[in-house]
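Contents: one structure, followed by commentary.
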Amino acid sequence: MKSVDPMLGLSAFLAVAEQQSFTGAAGRLGLTRATVSAQVADLEDRLGVRLLHRSTRVVRLTPAGQAFRDRLADLPERVNVAERAARAEQTAPEGRLRVTAPPDLCQRFLVPWVAEFLALHPAISIELDLSNQAKNLIEQRLDLAIRGTLAVEPNLVTRQIGLSPLWTVARPDYLERRGTPQDPMEMVGHDLLHFGHLRKGRIWTMTRGAELVEVPIAPRLELNDGWALRLAALEGAGICQLPGFVVGDDIAKGRLVPILTDWSPGKVPLHAVYPDNRLIAQRVKAFVAFLARKARSEPDLSAS
């Protein structure tokens with residue numbers, strides 16, 4: 001049995017249903033009235049049902065025709081989306097990219113990366129919003145968010161672009177003055193600097209193999225910005241826990257000293273989050289791929 005293309009006659013039928021006229025549909029499609037009429041008749045024959053009531057003055061949908069049209073209501077838009085997607089694959093990334101990201105990632109990494117990305121893509125501009133607050137990307141018309149913690153949100157695509165170890169650190173002269181804890185519970189009584197925004201509650205959790213310790217803390221200083229917390233530690237204000245992308249350079253240069261290195265406070269993942277709108281702009285794809293590539297090259301962002 002010869003197969004029949006299921007798309008035959010659909011455009012003609014939808015145009016007639018919208019225009020309520022074979023003549024109007026023919027004008028819209030750039031066909032003759034006879035061609036449109038023949039295509040609809042062939043569709044009805046194939047389906048074995050009358051879709052349209054025809055008269056000299058008006059064309060109306062039959063109940064079967066109305067039900068058929070309702071099921072095809074989003075077909076033109078889906079075809080348009082597919083066509084735009086195909087064209088986008090052949091187009092260089094361009095346009096304005098609106099991004100929100102945590103401030104503490106920007107100091108060492110994100111701003112230099114953005115500058116490099118802009119140099120590579122002269123047709124793209126970037127608006128960068130620095131905030132630790134989770135933003136509603138769709139409501140606030142943002143193209144992309146970079147997040148460490150994730151809430152479950154519908155209609156969003158997430159891609160992990162980095163993984164940074166957490167370090168427990170203090171300035172060397174603070175440890176000389178107050179002593180270096182040899183066990184997590186020995187931090188109780190020390191001056192502790194706490195990242196209150198991302199750490200829920202007043203508990204520092206640390207693991208060593210199968211061992212797990214939850215250290216109850218009474219912060220001497222509590223901040224909601226990692227870079228500001230780092231500055232407090234560099235002033236000798238106490239012990240803090242921060243990711244490598246904030247304090248990795250300070251550790252390498254001896255400005256801050258890691259303690260309890262056989263105990264792990266965990267790792268901070270970094271995700272690129274963007275709306276799943278069926279047609280992701282080339283500029284978003286290009287930027288996410290670029291971020292992932294740059295993060296893989298940085299030890300403080302590529303923990304295994």
Side-chain angles (χ1 to χ4, degrees), residues 102-110 132 134 146-151 158 160-271 295-304:
D104 48 16
L105 180 64
C106 293
Q107 304 290 341
R108 286 182 62 201
F109 296 112
L110 189 57
N132 283 319
I146 301 172
R147 296 181 181 172
T149 57
L150 282 177
T158 65
Q160 183 170 307
I161 58 173
L163 187 65
S164 185
L166 272 171
W167 293 98
T168 307
V169 297
R171 204 167 85 166
D173 59 355
Y174 171 88
L175 297 173
E176 291 173 7
R177 185 173 73 253
R178 297 290 302 275
T180 301
Q182 302 300 312
D183 181 87
M185 292 304 295
E186 290 183 15
M187 289 191 293
V188 176
H190 272 268
D191 294 337
L192 302 181
L193 316 176
H194 184 52
F195 194 175
H197 178 71
L198 293 182
R199 297 297 215 166
K200 305 302 182 183
R202 301 287 179 81
I203 298 290
W204 284 1
T205 301
M206 305 185 74
T207 60
R208 182 175 63 183
E211 296 179 80
L212 183 148
V213 173
E214 293 185 336
V215 182
I217 66 168
R220 187 77 188 279
L221 176 63
E222 192 164 1
L223 290 166
N224 67 350
D225 180 88
W227 201 254
L229 201 64
R230 164 191 173 267
L231 294 177
L234 287 171
E235 291 296 324
I239 298 172
C240 68
Q241 289 187 342
L242 283 170
F245 63 78
V246 176
V247 295
D249 192 51
D250 298 310
I251 292 171
K253 294 179 179 177
R255 293 187 292 254
L256 293 173
V257 177
I259 65 171
L260 300 167
T261 53
D262 54 340
W263 289 87
S264 171
K267 297 174 183 178
V268 176
L270 288 174
H271 298 89
R296 285 195 299 269
S297 69
E298 296 289 347
D300 290 327
L301 286 167
S302 57
S304 57

Could you measure the distance from the [atom1] atom of [X] to the [atom2] atom of [Y]? Nearest 0.5 Å is fine.
{"X": "Asp300", "Y": "Phe245", "atom1": "CG", "atom2": "CZ", "answer": "9.5 Å"}
{"X": "Glu211", "Y": "Asp262", "atom1": "CD", "atom2": "CG", "answer": "9.0 Å"}
{"X": "Leu166", "Y": "Cys240", "atom1": "CG", "atom2": "SG", "answer": "10.0 Å"}
{"X": "Ile161", "Y": "Arg147", "atom1": "CD1", "atom2": "CZ", "answer": "12.5 Å"}

Would you say that [X] contacts [Y] through its side chain, given a criterion of any heavy-atom pair below 4.5 Å between the two side chains?
{"X": "Gln160", "Y": "Leu270", "answer": "no"}
{"X": "Leu242", "Y": "Trp167", "answer": "no"}
{"X": "Ile259", "Y": "Ile239", "answer": "yes"}
{"X": "His271", "Y": "Ile146", "answer": "no"}
{"X": "Trp204", "Y": "Leu192", "answer": "yes"}
{"X": "Pro172", "Y": "Arg177", "answer": "no"}

Subject >> Working for side chain to side chain contact (heavy atoms under 4.5 Å, CB included), residues Leu223 and His194 >> reply: CA-CA 6 Å; Leu223 290 166; His194 184 52; over 6 Å; no

So which heavy atom on [X] is nearest to which on [Y], and how close?
{"X": "Gly179", "Y": "His190", "result": "O-CE1, 3.2 Å"}
{"X": "Pro299", "Y": "Ser297", "result": "CD-O, 3.7 Å"}
{"X": "Ser164", "Y": "Gly244", "result": "OG-N, 3.0 Å"}
{"X": "Pro181", "Y": "Glu186", "result": "CA-OE1, 3.5 Å"}
{"X": "Lys267", "Y": "Pro165", "result": "CG-CA, 4.0 Å"}
{"X": "Pro265", "Y": "Met206", "result": "CG-CE, 4.2 Å"}

Subject >> Arg220 atom CZ, over 12 foreign heavy atoms within 6.0 Å >> reply: no

For [Y], is there any backbone N or O sitting under 3.5 Å from a side-chain donor or acceptor partner on [X]?
{"X": "Tyr174", "Y": "Leu234", "answer": "no"}
{"X": "Gln182", "Y": "Thr180", "answer": "yes"}
{"X": "Ser264", "Y": "Gly266", "answer": "yes"}
{"X": "Arg171", "Y": "Leu256", "answer": "no"}

**OP:** Give the C-alpha distance, both sets of side-chain angles, the deciding distance and a yes or no for side chain to side chain contact (heavy atoms under 4.5 Å, CB included) between Leu301 and Leu163.
**Re:** CA-CA 5 Å; Leu301 286 167; Leu163 187 65; over 6 Å; no

Original post:
Run the side chain to side chain contact (heavy atoms under 4.5 Å, CB included) check on Arg208 and Val213 step by step: do they pass?
Top reply: CA-CA 9 Å; Arg208 182 175 63 183; Val213 173; over 6 Å; no

**OP:** Could you please spell out the steps behind the side chain to side chain contact (heavy atoms under 4.5 Å, CB included) verdict for Ile251 and Val169?
**Re:** CA-CA 8 Å; Ile251 292 171; Val169 297; 3.9 Å; yes

Original post:
Looking at Asp104 and Arg230, does any basic side-chain N land under 4.0 Å from a carboxylate oxygen?
Top reply: no

**OP:** Determine, for Glu222 against Arg202, whether the closest basic-nitrogen to carboxylate-oxygen distance falls under 4.0 angstrom.
**Re:** yes

Original post:
For the side-chain contact (heavy atoms from CB on, under 4.5 Å) test, which of Leu193, Thr168, Thr205, Ile217 pairs with Gln241?
Top reply: Thr168

